[in-house]
Amino acid sequence: MSRYQDLKKNLFGGTQSNARQFGMIFTLVAIVLLFQVLTDGLTLSSGNLIGVVSQYSYILILSIGMLMVIVAGHIDLSVGSVAAFTGIVVAKSMSEWNLPWPLAILFGLVVGALIGAWQGFWVAYVGVPAFIVTLAGMLLFRGANQYIGNADTVPVPEGFRKIGAGFLPEVGPNTGYNNLTLLLGLLACAAVVVRELRARQVRQQMDADPTPMWVSGIRLVIMLGVIIFATLRFAGGRVGTSLPISGIILAVLVIAYSFYTRNTAGGRHIYAVGGNSRAAELSGVKLRRVNFFVMTNMGVLAALAGMIFVARSAASGPQDGLNWELDAIAAVFIGGAAVSGGLGTVSGSIVGGLVMALLNNGLQLEGVGSDRVQMIKGLVLLLAAALDVINKKQGRFSIIGSLMRPFQRGDAPPADSASPPSTDTSKADKAATTTS
């Protein structure tokens with residue numbers, strides 16, 4: 001095998017990886033470089049990157065929950081209204097009930113869980129389609145938000161604002177950078193190196209062909225370079241700013257949900273239900289439990305996103321949450337999820353969300369009006385989906401259909417662990433016939 005083939009096959013891990021499977025990542029890089037040139041270097045400045053993370057972290061958090069809903073074969077149209085309703089309830093609990101802000105955050109998560117469980121009950125145990133349930137929820141909780149808040153804004157205390165507008169504090173000697181951000185960057189670099197070494201060790205223990213050392217070296221250089229660059233940018237912002245607290249919350253959620261979807265039976269059950277619910281049920285997967293969980297989980301993450309937005313805005317208002325569900329859904333589909341369910345990754349959804357966030361940010365920096373921004377975002381989403389459908393029909397490479405492969409080791413079950421729906425159904429039917 002030539003060096004070029006080795007590089008194309010193994011650069012980002014996994015035997016099926018190649019440059020085409022990273023089309024959306026390359027699109028993200030192209031968008032960044034384009035606006036970096038058009039804005040004379042403003043796009044990758046410390047202040048702008050910090051602002052992007054702070055401004056769009058709640059949408060990326062929503063996309064994590066929306067991914068699991070879509071992978072399970074559903075859709076949730078109520079997340080914006082649920083986030084707004086939770087925000088006003090939490091703001092009222094602090095302003096009128098004098099609830100301490102840490103308890104108010106826990107209270108908000110409980111409210112989100114109850115709303116998610118309410119909608120999950122109708123979806124999982126009554127059998128009403130999630131589209132209808134969440135459409136009703138969108139109207140119900142939007143109205144409840146305006147009813148409870150009297151269509152007015154409710155301010156929140158300073159301590160609560162930290163989760164949406166706070167940054168890592170300055171500690172230690174004066175290095176010209178935020179020391180805690182530098183420390184997190186070093187830990188991330190160490191984690192990448194350890195993961196690479198462990199991956200090579202596992203392949204050796206399985207008597208598999210190891211990735212060429214020079215390819216591993218290039219992969220590490222690229223990943224460490226990205227981490228170091230981002231660390232210095234976030235640590236080098238103006239005094240008083242650094243990595244946003246909301247960005248840390250997002251990173252923790254990405255790691256936790258990536259682990260859940262790839263390493264636990266519950267995560268694999270979600271993919272199984274979305275891929276072929278009948279075969280999954282015959283193989284022992286509890287469909288109702290899975291559907292109830294994804295809807296409840298979406299309620300919790302919507303509540304968290306709503307509180308982060310309210311904290312960043314310093315007040316809860318009647319217009320909070322408008323069209324958030326559309327942004328979250330767009331991020332998931334651009335990031336590789338299938339409309340029919342069973343396909344998608346946490347990493348891909350974050351990449352899709354960043355594509356939309358940086359596109360929106362770059363257009364704003366260029367002074368493009370909000371009306372044209374919405375039109376361009378809509379066209380980008382439509383073109384991404386249309387290109388994928390056309391490529392699938394013509395038997396060519398499909399970005400959305402295969403974006404999950406580069407992240408198989410990180411987010412989703414291996415491709416060979418799931419059979420095509422027709423095969424699964426036939427096996428399930430044979431098993432049912434034999435049993436009977």
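These numbers come from the heavy atoms of this one structure, side chains and all, not from hydrogens, waters or symmetry mates. Numbering starts at 1 and runs along the sequence shown.
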(request) Quick one: do Ser63 and Ser349 satisfy side-chain hydrogen bond (donor to acceptor under 3.5 Å, both in side chains)? Show the steps, please. (result) CA-CA 6 Å; Ser63 70; Ser349 296; 5.3 Å; no
(request) Test side-chain contact (heavy atoms from CB on, under 4.5 Å) on Leu180 and Leu243 and set out the steps. (result) CA-CA 9 Å; Leu180 287 180; Leu243 182 62; over 6 Å; no
I need the [X] [atom1] to [Y] [atom2] distance, nearest 0.5 Å.
X: Leu33; Y: Leu28; atom1: CG; atom2: CG; value: 9.5 Å
X: Thr86; Y: Asn145; atom1: OG1; atom2: CG; value: 9.5 Å
X: Glu170; Y: Asn178; atom1: CD; atom2: CG; value: 4.5 Å
X: Asp76; Y: Thr134; atom1: CG; atom2: OG1; value: 5.0 Å
X: Glu196; Y: Leu220; atom1: CD; atom2: CG; value: 4.5 Å
X: Leu182; Y: Ser242; atom1: CG; atom2: OG; value: 10.0 Å

Can you tell if the side chain of [X] reaches within under 4.5 Å of the side chain of [Y], non-hydrogen atoms only?
X: Val79; Y: Ile329; answer: no
X: Ile61; Y: Leu253; answer: yes
X: Asn291; Y: Met295; answer: no
X: Val71; Y: Val273; answer: no
X: Leu109; Y: Leu304; answer: yes
X: Leu358; Y: Val52; answer: yes
X: Thr27; Y: Ile31; answer: yes
X: Val111; Y: Phe85; answer: yes

(message) Ile308 vs Ser57, test: side-chain contact (heavy atoms from CB on, under 4.5 Å). Steps then yes/no.
(response) CA-CA 8 Å; Ile308 288 176; Ser57 58; 4.1 Å; yes
(request) Mind running side-chain contact (heavy atoms from CB on, under 4.5 Å) on Met66 and Met298 for me, showing each step along the way? (result) CA-CA 7 Å; Met66 188 66 71; Met298 185 72 259; 4.3 Å; yes
Would you check if the side chain of [X] reaches a backbone N or O of [Y] as a donor-acceptor pair within less than 3.5 Å?
X: Ser283; Y: Ala280; answer: yes
X: Arg233; Y: Leu44; answer: yes
X: Asn150; Y: Asp152; answer: no
X: Ser258; Y: Ile255; answer: no
X: Asn323; Y: Leu326; answer: no
X: Thr296; Y: Phe292; answer: yes
X: Glu325; Y: Gly80; answer: yes
X: Arg262; Y: Arg268; answer: no
X: Asp327; Y: Ile59; answer: no
X: Ser81; Y: Met138; answer: yes

Which pair of heavy atoms, one from [X] and one from [Y], lies closest together, and at what distance?
X: Leu62; Y: Leu301; answer: CD2-O, 4.2 Å
X: Ile50; Y: Gly237; answer: CD1-CA, 4.2 Å
X: Ala314; Y: Arg161; answer: CB-NE, 3.7 Å
X: His269; Y: Val285; answer: CD2-CG2, 3.7 Å
X: Ile228; Y: Cys189; answer: CG1-SG, 4.0 Å
X: Leu359; Y: Phe35; answer: CD1-CE1, 4.0 Å

(message) Before you tell me yes or no, could you show the steps for Tyr177 and Phe234 under side-chain contact (heavy atoms from CB on, under 4.5 Å), namely the whole-Å CA-CA distance, both residues' side-chain angles and the distance that decides it to 0.1 Å?
(response) CA-CA 9 Å; Tyr177 294 94; Phe234 283 107; over 6 Å; no
(message) Quick test of your reading of the model: are Glu281 and Arg278 salt-bridged, counting only N-O distances below 4.0 Å?
(response) no
(message) For a quick check under 3.5 Å, do Arg312 and Ser54 share a side-chain donor-acceptor pair by atom type?
(response) yes
(message) Please check if the number of heavy atoms outside Tyr125 that lie under 6.0 Å from its OH is greater than 12.
(response) yes
(message) Is it true that, when you exclude Lys92 itself, more than 12 heavy atoms of the residues, nucleotides or ligands shown sit nearer than 6.0 Å to its NZ?
(response) yes
(message) The criterion is ring-ring contact (aromatic ring centres under 6.0 Å, His included); which residues satisfy it with Trp122, sequence neighbours excluded?
(response) Trp118
(request) Decide yes or no on ring pair (Phe, Tyr, Trp, His ring centres under 6.0 Å) for Phe293 and Tyr260, but give the supporting numbers first. (result) CA-CA 13 Å; Phe293 169 76; Tyr260 177 79; 5.7 Å; yes
(request) Any pair with a residue in residues 39-62 that passes ring pair (Phe, Tyr, Trp, His ring centres under 6.0 Å), sequence neighbours left out, goes on the list, sorted by first then second residue, please. (result) Tyr58-Phe309, Tyr58-Trp324
(request) Please report the C-alpha distance between Arg238 and Ser46 in whole Å, then the side-chain angles of each, then the deciding distance to 0.1 Å, and finally whether the side-chain hydrogen bond (donor to acceptor under 3.5 Å, both in side chains) criterion is met. (result) CA-CA 8 Å; Arg238 62 181 176 82; Ser46 295; over 6 Å; no
(message) Would Asn361 and Asn48 count as a side-chain hydrogen bond (donor to acceptor under 3.5 Å, both in side chains) here? Give the steps.
(response) CA-CA 9 Å; Asn361 174 256; Asn48 188 64; 2.9 Å; yes
(request) Walk me through it: do Thr39 and Glu366 pass the test side-chain hydrogen bond (donor to acceptor under 3.5 Å, both in side chains)? (result) CA-CA 7 Å; Thr39 61; Glu366 282 294 290; 5.5 Å; no
